[in-house]
Every structure is written in C-alpha cells, then in structure tokens.
Amino acid sequence: MAALAYDAYRESVAGRADVADSPELLSYYAELGALATGALWTVANKIEPWQPQTASVPVLWRYRDLRAHVLRSVELVTPEKAGRRVIYLNNPGRQDVAAAVGWLYSGLQVMRPGEAASAHAHSASALRFIMEGSGAYTVVDGHKMTLGVNDLVLTPSGTWHEHGVSEDGSTCIWQDGLDIPLINALEAGFYVVHPDLKQAVTHPVNDTSALWGGVALRPQVSTWSESYSPLFKYEWAPTYDALVRLSKVSEGSPFDGTLMHYVNPVTGGPVMPTLGASMQLLRPGEHTLAHRHTGSYLYQVAKGRGFSVINGQRFDWQERDIFCVPSWMFHEHANTSTTDEACLFCFSDLPVMKSLGLYREEALSDSAGRQTVTPA
C-alpha cells in the first residue's frame with residue numbers, strides 16, 4: 001500500500017507552504033491525525049488558492065432535449081407523490097450537492113391544468129421563471145399571483161408557498177431556482193409542510209403588483225419590514241419594455257449589453273438576501289467583451305438566439321435554453337440575429353458575494369477583449 005503523501009500541494013514560492021515529506025514528519029502527521037488535527041502547511045495551498053477554484057463546469061441545457069423528458073414525468077409521478085415534480089439540472093462537477101452551478105440549484109417543474117403542489121416552507125430562498133403554458137399561479141403567504149410566460153415570481157425564505165395551474169389553463173413548465181446547496185453548506189436548512197397542505201388566499205389576487213409594481217412609485221401606507229422584496233411577481237411585458245427603452249438611450253455595458261436588475265422596491269437592493277436576478281438585452285448583432293467575476297450565474301434565454309463563450313468554449317443557444325457561468329470564468333455573449341433583440345434572464349448568488357465583500361470583477365485584457373474559442 002502506497003504511503004500517504006502530505007506534500008502534494010507544495011509550492012516553491014516565497015510565502016507559500018513548501019514542506020517536503022520526511023519519515024519523521026510522516027510519523028508526526030500520523031500522531032496529529034489520531035487527535036483529529038493536522039498540520040496547516042500540508043493543506044494551506046489547497047484551501048487558500050491563488051484565485052477561485054470552482055468544481056463547476058460550463059453547461060448548456062438545451063430545452064429541445066429536455067422538454068420531452070420533463071413532460072414524461074407527468075405520466076410517471078403525481079405532484080402528491082413527488083412533492084414537487086421537477087427534473088433538476090445536475091452540473092457534472094457538483095453532483096455531490098445536486099447543484100446546477102456553484103451553490104445554486106435549478107430544475108424544470110411541470111404541472112397540468114387542475115394540479116397543485118402542497119403548500120410548504122423552507123429555509124432556502126427560491127424563484128420561478130415561467131417557460132411555457134397558461135394558467136400558472138403561485139400563492140405566497142396568502143398572496144396569490146397569476147403568471148404568464150417570462151414572468152418571475154419569488155418565494156422567499158420561510159414563506160408558505162404553493163404552485164398550481166388553473167383548470168382552464170394549459171400544461172405549464174417553469175424553471176425553479178434556489179440556494180439549497182448554499183443553505184445546506186451552512187447547515188441551516190429546515191423544511192415544513194403546511195398542516196392543511198394548502199393555504200388560504202387572504203389578499204386580493206395580484207395585490208403585490210398593485211401595491212409595489214408602480215414604476216418609481218411607492219405606496220404611502222406600508223408596514224413592510226422583511227429582508228426580501230414585497231413585490232413577489234415581476235412581469236415580462238414591463239421588464240422588456242424597460243430594457244428596450246434603456247437600450248435606445250444608453251450604450252449599456254461592454255460586457256453585458258443592456259442589463260437591468262430586478263430589485264426590492266423598498267430598498268433598491270436585490271430581491272432576496274441570497275439570490276439576485278437580472279434581465280439583459282443584446283441588440284441585433286451585439287457581441288459583448290469578455291470579463292469574469294466571482295459568483296455563480298445561471299442564464300435562461302427569454303428571447304432570441306445567439307451564443308456565449310465561457311472559459312474558451314462556445315455554446316450556441318436559443319429560446320428557453322439554460323446555461324451556467326461558474327465563478328471566475330471569462331464569458332462573453334453574442335446575439336446572432338441582425339434584426340431582433342436577444343434577452344437573457346439570469347439568477348445568481350451576487351447578493352451573497354457583495355454582502356460578504358467577496359465580489360471581484362476583471363476584464364479580459366488581451367485578444368481585444370475576446371476569448372480564443374477552443375475546438376470541442
């Protein structure tokens with residue numbers, strides 16, 4: 001049996017651990033191990049790398065490949081038995097925590113007309129982005145929201161929530177996004193099923209939109225004090241309209257095109273403390289410059305077609321496709337249409353990065369700001 005090596009992470013750099021194994025040290029390490037301890041210099045270079053080291057890999061999930069499998073789940077399991085009938089996105093580098101990228105979970109949930117999932121609450125923060133169908137709704141702490149394609153709905157940490165499709169609707173598919181891997185890593189996850197399996201709707205339907213959906217307007221009377229947004233539903237039509245209007249008066253970002261963040265109307269900050277969301281528009285033919293930043297990002301194509309280059313790999317996408325950008329990987333986006341805009345919805349852990357002072361961004365300085373594409 002080969003002897004255990006403790007010097008695998010040595011670096012011959014001043015200020016870094018550079019200790020070679022010796023018989024005496026190996027004996028010493030064994031003694032430390034018996035006491036549930038260890039010598040920092042044997043792992044220091046591993047646990048404190050020069051820059052972020054992600055286990056996640058860039059992935060493109062093509063909707064045309066997934067859709068039939070998502071719909072087949074309807075024939076195989078009921079919402080009552082499954083709890084939530086979801087096909088989750090499993091990043092090859094993060095399968096141990098069922099993450100789509102980094103510490104973010106995502107999946108595609110499907111429901112038929114008349115179906116409803118049981119009401120529940122959990123520590124994880126969650127959002128849903130509607131992909132297809134009609135008649136979808138969500139109830140959050142007694143507030144019911146009706147939902148259309150490309151609408152975003154929030155189900156914040158600790159809130160009672162449930163989802164369903166009305167009897168007169170059509171089969172609906174939406175993308176779930178949660179911070180489950182992060183919450184589990186912090187060992188802070190709780191899950192509770194509503195004692196009645198269903199909550200009462202105690203407010204007028206779509207009341208949060210009426211209260212908080214006004215552009216640059218805030219209601220006179222409000223007692224809102226939660227850390228998450230009181231506007232649970234963000235509709236596609238005004239979002240797209242805002243992007244188009246902004247794109248006509250501003251050049252936008254050289255790295256992201258015309259990008260706007262969904263915000264908490266009370267604070268102007270992110271919609272939830274641990275999950276952020278944004279929508280960006282790429283003008284016809286627009287190709288952004290490459291940059292990288294800390295944090296993990298999951299994109300869904302809300303409109304159009306194009307491609308992204310992530311860490312030197314090109315991924316061609318079209319409407320409803322989903323792709324991820326792991327932390328500290330260079331990425332750039334391009335709209336391949338010469339006549340129509342492309343729009344990318346994104347959710348991320350950006351609020352966590354900024355709250356903890358860990359956000360860092362860097363532009364690609366060579367190759368005129370564009371990556372060299374590595375052949376597949």
Side-chain angles (χ1 to χ4, degrees), residues 103-105 117-130 137-147 151-163 176-196 198-236 238-239 242 260-279 295 345-359:
W103 297 104
L104 300 177
Y105 162 94
S118 57
H120 58 279
H122 41 63
S123 302
S125 296
L127 52 79
R128 271 85 194 174
F129 191 76
I130 310 302
Y137 66 85
T138 289
V139 185
V140 182
D141 280 347
H143 300 270
K144 182 176 181 178
M145 281 75 63
T146 57
L147 305 167
D151 286 352
L152 168 68
V153 64
L154 311 180
T155 54
S157 171
T159 59
W160 290 116
H161 57 278
E162 60 193 271
H163 314 285
D176 295 331
L178 297 92
D179 56 6
I180 292 173
L182 173 63
I183 299 303
N184 287 340
L186 295 173
E187 300 177 354
F190 292 90
Y191 189 99
V192 185
V193 177
H194 196 284
D196 300 324
K198 183 178 177 63
Q199 60 180 307
V201 176
T202 55
H203 302 271
V205 175
N206 293 321
D207 70 308
T208 70
S209 296
L211 276 168
W212 298 102
V215 178
L217 297 170
R218 182 170 174 171
Q220 165 81 9
V221 179
S222 172
T223 58
W224 190 261
S225 60
E226 302 292 347
S227 61
Y228 51 81
S229 171
L231 178 60
F232 293 141
K233 178 175 73 168
Y234 296 77
E235 297 179 52
W236 164 244
T239 302
M260 301 184 83
H261 294 277
Y262 295 93
V263 298
N264 179 334
V266 177
T267 65
V271 291
M272 292 179 284
T274 55
L275 288 180
S278 64
M279 184 75 75
F345 167 75
C346 178
F347 79 91
S348 71
D349 55 8
L350 179 61
V352 176
M353 294 295 109
K354 289 194 170 182
S355 293
L356 297 179
L358 298 175
Y359 183 75

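Counting from 1, the numbers follow the sequence of the chain as shown.
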- Okay, side chain of Ser157, backbone of Ser123: is any donor-acceptor separation there less than 3.5 Å? yes
- Item | Trp160 side chain near Val139 side chain, heavy-atom distance below 4.5 Å | no
- CG-CH2 distance between Leu186 and Trp103, expressed to the nearest 0.5 angstrom: 8.5 Å
- Item | Donor-acceptor under 3.5 Å (Asp179 side chain, Ser125 main chain) | yes
- For Phe190 and Ile183, run side chain to side chain contact (heavy atoms under 4.5 Å, CB included): C-alpha distance rounded to whole Å, both residues' side-chain angles, the deciding distance at 0.1 Å, then the answer. CA-CA 9 Å; Phe190 292 90; Ile183 299 303; over 6 Å; no
- Message: Within the structure provided, determine whether Thr138 and Arg128 are in side-chain contact (heavy-atom separation under 4.5 Å).
- Response: no
- Task: Answer yes if the side chains of Ser229 and Tyr234 hold a donor-acceptor pair under 3.5 Å, and no otherwise.
- Result: yes
- Query: Out of curiosity, Met145 CE to Asp207 CG, how far, rounded to the nearest 0.5 Å?
  - Reply: 8.0 Å
- If you round to the nearest 0.5 Å, how far is CE of Met353 from OG1 of Thr274? 11.0 Å
- Query: So how far is it from Glu235 CD to Leu152 CG, rounded to the nearest 0.5 Å?
  - Reply: 11.0 Å
- Query: Can you check whether Val352 reaches Leu182 side chain to side chain, under 4.5 Å on heavy atoms?
  - Reply: yes
- Query: Heavy atoms, side chains only, cut-off 4.5 Å: are Asp141 and His203 in contact?
  - Reply: no
- Query: Between Asp151 and Trp236, is there a donor-acceptor pair closer than 3.5 Å when you use the side chain of the first and the backbone of the second?
  - Reply: yes
- Query: If we only count heavy atoms from C-beta on, is the Leu350 to Pro270 side-chain gap below 4.5 Å?
  - Reply: no
- Item | Side-chain donor or acceptor of Lys233 paired with backbone N/O of Thr208 under 3.5 Å | no
- Task: Please report the C-alpha distance between Glu226 and Thr159 in whole Å, then the side-chain angles of each, then the deciding distance to 0.1 Å, and finally whether the side chain to side chain contact (heavy atoms under 4.5 Å, CB included) criterion is met.
- Result: CA-CA 11 Å; Glu226 302 292 347; Thr159 59; over 6 Å; no
- Smallest heavy-atom separation, Ser348 atom then Leu104 atom, equals CA-CD1, 3.8 Å
- Do the ring planes of Phe345 and Phe129 sit parallel (below 30°), tilted (30 to 60°) or perpendicular (above 60°)? parallel
- Heavy-atom donor-acceptor pair, Asn184 side chain to Gly189 backbone, under 3.5 Å: no
- Task: Kindly state whether the ring of His120 and the ring of His194 have centres lying under 6.0 angstrom apart.
- Result: no
- Between Leu275 and Phe347, which heavy-atom pair has the shortest distance, and what is it? CD2-CD1, 4.2 Å
- Query: Is there side-chain contact between Leu127 and Leu154, with heavy atoms separated by less than 4.5 Å?
  - Reply: yes
- Note on the structure: Nearest heavy-atom approach of Pro219 to Leu211 is CD-O, 3.4 Å
- Task: Please report the C-alpha distance between Ser209 and Leu231 in whole Å, then the side-chain angles of each, then the deciding distance to 0.1 Å, and finally whether the side chain to side chain contact (heavy atoms under 4.5 Å, CB included) criterion is met.
- Result: CA-CA 6 Å; Ser209 296; Leu231 178 60; 4.3 Å; yes
- Query: Would you say Tyr359 has more than 12 foreign heavy atoms packed within less than 6.0 Å of its OH?
  - Reply: yes
- Task: Could you tell me whether a side-chain N or O of His261 sits under 3.5 Å from a main-chain N or O of Val263, the two making a donor and an acceptor?
- Result: no
- Go through Leu178 and Thr155 one step at a time and tell me if the side chain to side chain contact (heavy atoms under 4.5 Å, CB included) criterion holds. CA-CA 9 Å; Leu178 297 92; Thr155 54; over 6 Å; no
- Item | Interatomic distance, Trp212 atom CH2 to Asn264 atom CG [nearest 0.5 angstrom] | 8.0 Å
- Message: Can you confirm whether Pro273 sits close enough to Pro351 that some side-chain heavy atom of one is under 4.5 Å from a side-chain heavy atom of the other?
- Response: no
- Does Gln199 use its side chain to pair, donor to acceptor, with the backbone of Gly142 at less than 3.5 Å? yes
- Query: Which value, rounded to the nearest 0.5 Å, describes the distance between Ser278 atom OG and Met260 atom CE?
  - Reply: 11.0 Å
